Amino acid sequence: MKYFLLHTDTVYTTSPEIINWYGRIDVRNIHYEKAHLLPKRELLFMRGYADTVFTDIVDSPFLMVSELIKKVICIYQPETIFKEIILLDAVYEKSRRYFLPVFRKQHCLSEKSILNLDRSVIKQGILSRSKLNDQAVFRIGDVKNNYTVGRLDFVESILKRGAVGVGLTELGMED
């Protein structure tokens, strides 16, 4: 089975850019065990554009997904916790509702993976098949930054539903 890192497709240069979020969402609490410390709902401001494209995945400063992606996550990983995020562009008077999914972590990177020195950036990701559970979508627990992984069937499901702006980076696999 193939697995992919999920991120905002870089082709979409006018996707939402969150501003002044620091102090409102503590990224240290985006963990399954600490999710109760996150607010149920939060309003965040975004730097928008006249032609903003609200992609179905926003990956910075943390993963946020649209209603479409949330529904698919609920099919594949029903125990996922979601926090509601409202993005507001005061200049162009646009808003959109997103969801911050809180996934369980999997410590599944192979020793052959290439990371930067402080283990915050995956330069080349290789998953160890023996360390994988049967989760369709999850966070990698071996690195400092938030990396979300989707299994091929999950990825196909969101793409078949017409998801916009979903970037995919295939991960290697070792037995």
Side-chain angles (χ1 to χ4, degrees), residues 1-22 24-25 27 30-31 35 38-78 80-106 120-125 127 135-141 143-172:
M1 183 63 70
K2 291 184 179 183
Y3 290 85
F4 301 86
L5 288 177
L6 303 174
H7 52 84
T8 308
D9 190 338
T10 55
V11 170
Y12 292 88
T13 57
T14 61
S15 62
E17 182 182 336
I18 314 309
I19 56 175
N20 300 329
W21 66 272
Y22 193 76
R24 306 201 55 191
I25 300 286
V27 293
I30 305 175
H31 297 281
L38 293 168
K40 265 180 105 164
R41 177 181 295 136
E42 187 65 58
L43 173 68
L44 298 176
F45 290 94
M46 60 179 256
R47 180 173 297 116
Y49 306 91
D51 59 344
T52 297
V53 175
F54 287 97
T55 54
D56 285 300
I57 288 183
V58 176
D59 65 355
S60 181
F62 41 81
L63 183 71
M64 291 176 282
V65 299
S66 67
E67 180 83 33
L68 181 148
I69 304 284
K70 177 186 183 239
K71 287 178 181 177
V72 178
I73 290 171
C74 288
I75 293 168
Y76 285 87
Q77 297 294 135
T80 303
I81 298 168
F82 292 94
K83 303 298 180 170
E84 188 176 9
I85 305 287
I86 307 297
L87 297 185
L88 180 65
D89 175 358
V91 175
Y92 291 102
E93 299 178 347
K94 297 178 184 179
S95 66
R96 185 65 52 100
R97 182 170 73 153
Y98 280 90
F99 298 91
L100 187 163
V102 182
F103 299 112
R104 294 192 185 276
K105 285 185 179 181
Q106 283 198 45
S120 62
V121 177
I122 298 174
K123 294 180 179 182
Q124 181 181 5
L127 301 178
Q135 289 182 280
V137 59
F138 57 89
R139 277 188 54 204
I140 293 182
V143 292
K144 291 181 182 178
N145 286 343
N146 295 325
Y147 284 94
T148 305
V149 175
R151 197 174 59 205
L152 179 61
D153 55 338
F154 168 78
V155 169
E156 287 176 338
S157 187
I158 61 176
L159 295 177
K160 284 179 183 175
R161 287 171 169 78
V164 173
V166 178
L168 302 169
T169 303
E170 188 172 352
L171 294 164

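Basis for what follows: all heavy atoms, side chains included, without hydrogens, waters or symmetry-related copies. All figures in this text were calculated on a predicted structure; none of them were measured in a lab.
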Spatial distance of atom [atom1] ([X]) from atom [atom2] ([Y]) [nearest 0.5 Å]:
X      : Y      : atom1 : atom2 : result
Lys70  : Thr80  : NZ    : OG1   : 10.0 Å
Tyr147 : Phe138 : OH    : CZ    : 14.0 Å
His7   : Ser60  : NE2   : OG    : 13.0 Å
Asp89  : Met46  : CG    : CE    : 4.5 Å
Phe54  : Met64  : CZ    : CE    : 11.0 Å
Gln135 : Gln106 : CD    : CD    : 4.5 Å

Taking side chain as C-beta onward, heavy atoms only, is [X] less than 4.5 Å from [Y]?
X      : Y      : result
Val149 : Ile140 : yes
Leu88  : Ser95  : yes
Ile25  : Ile85  : yes
Ile73  : Phe82  : yes
Leu168 : Glu170 : no
Tyr22  : Pro61  : no

Would a distance-only check, ignoring hydrogens and angles, find a side-chain to backbone donor-acceptor pair under 3.5 Å from [X] to [Y]?
X      : Y      : result
Asp56  : Ser66  : no
Thr148 : Leu6   : no
Gln77  : Ala136 : yes
Arg139 : Val102 : no
Tyr12  : Thr55  : no
Thr8   : Asp59  : yes
Lys94  : Tyr49  : yes

Over all heavy atoms of both residues, which pair between [X] and [Y] is shortest? Give the atoms and the distance, please.
X      : Y     : result
Glu84  : Ile86 : OE2-CD1, 3.7 Å
Pro101 : Ile30 : O-CG2, 4.3 Å
Arg24  : Leu43 : NH2-O, 3.0 Å
Val58  : Pro16 : CG1-O, 4.2 Å

When the side chains of residues 154-161 are checked against the rest of the protein, which donor-acceptor pairs come out under 3.5 Å, sequence neighbours left out?
residue, atom, partner, partner atom, Å
Ser157, OG, Arg161, NH1, 2.4
Arg161, NH1, Ser157, O, 3.1

For a side-chain contact (heavy atoms from CB on, under 4.5 Å) check, start with the C-alpha distance between Arg96 and Thr52, then their side-chain angles and the critical distance, and finish with the verdict. CA-CA 11 Å; Arg96 185 65 52 100; Thr52 297; over 6 Å; no
Could you list the residues that satisfy ring pair (Phe, Tyr, Trp, His ring centres under 6.0 Å) with Phe99, not counting sequence neighbours?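 In terms of ring pair (Phe, Tyr, Trp, His ring centres under 6.0 Å), with neighbours along the sequence ignored, Phe99 is linked to no residue.
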So, are Lys83 and Glu42 salt-bridged, with charged N and O less than 4.0 Å apart? no
Which is it for Leu63 and Phe103 under the side-chain contact (heavy atoms from CB on, under 4.5 Å) test, yes or no, and what are the steps along the way? CA-CA 11 Å; Leu63 183 71; Phe103 299 112; 3.8 Å; yes
